[in-house]
*Asks:* 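Handing you a structure now.
Everything numeric in this text was worked out from a predicted model, so none of it was measured.
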Amino acid sequence: LGELGVTQFGVEVGDKVDGSSGRVVMVGEEHSEEFAAGTVISVLRSGLEISGNVVRPAECVGSLGPESVGGEDEGAAAEGEEGAAAEGEEGAME
């Protein structure tokens, strides 16, 4: 490929993903305790360019950041509210 003027480029684990450049595409996202949101956590394929023009963007998996523990707590709180409302309705019937 080098004879045709094709060069490889890529990203590395820990790099910030800049999708606006067109050089890197996040083809997947996963939660990660180790990496902040928008950070490369896995490189899938290097990119290719000819004379500075992207022929194939580099592909990676990006981080969504740590999983939200607030979502679990909110679900438990909502269940508690529903239970309290049901108990109030039973008391009103008596």
*Asks:* Do Val25 and Val61 share a hydrophobic cluster (ILVMFWY, side-chain heavy atoms under 4.5 Å, transitive)?
*Replies:*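 In one cluster with Val25: Val61, yes.
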*Asks:* Report the hydrophobic cluster partners of Phe9, with the cluster defined as I, L, V, M, F, W, Y residues connected by side-chain heavy atoms closer than 4.5 angstrom, directly or transitively.
*Replies:* Val54
*Asks:* Closest heavy-atom contact between Ala37 and Lys16?
*Replies:*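 So the two residues come closest at O-NZ, 3.1 Å.
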*Asks:* Just jot down the side chain to side chain donor-acceptor pair (under 3.5 Å) partners of Ser20, sequence neighbours excluded, or say none.
*Replies:* Asp18
*Asks:* Tabulate below the donor-acceptor pairs under 3.5 Å that side-chain atoms of residues 39-51 make, not counting sequence neighbours, or state none.
*Replies:*
| residue | atom | partner | partner atom | Å |
| --- | --- | --- | --- | --- |
| Thr39 | OG1 | Ala36 | O | 2.9 |
| Arg45 | NH2 | Glu59 | OE2 | 3.2 |
| Glu49 | OE1 | Arg23 | NH1 | 2.8 |

*Asks:* Considering all heavy atoms of both residues, which atom of Ala58 and which atom of Gly10 are nearest to each other, and what is their separation?
*Replies:*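 Minimum heavy-atom contact is CB-CA, 4.2 Å.
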*Asks:* Could you tell me if the side chain of Cys60 sits less than 4.5 Å from the side chain of Val17, heavy atoms only?
*Replies:*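 In contact.
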*Asks:* If you look at every heavy atom in Phe35 and Ser63, which pair is closest and at what distance?
*Replies:*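 In terms of heavy atoms, the two residues are closest at O-OG, 2.9 Å.
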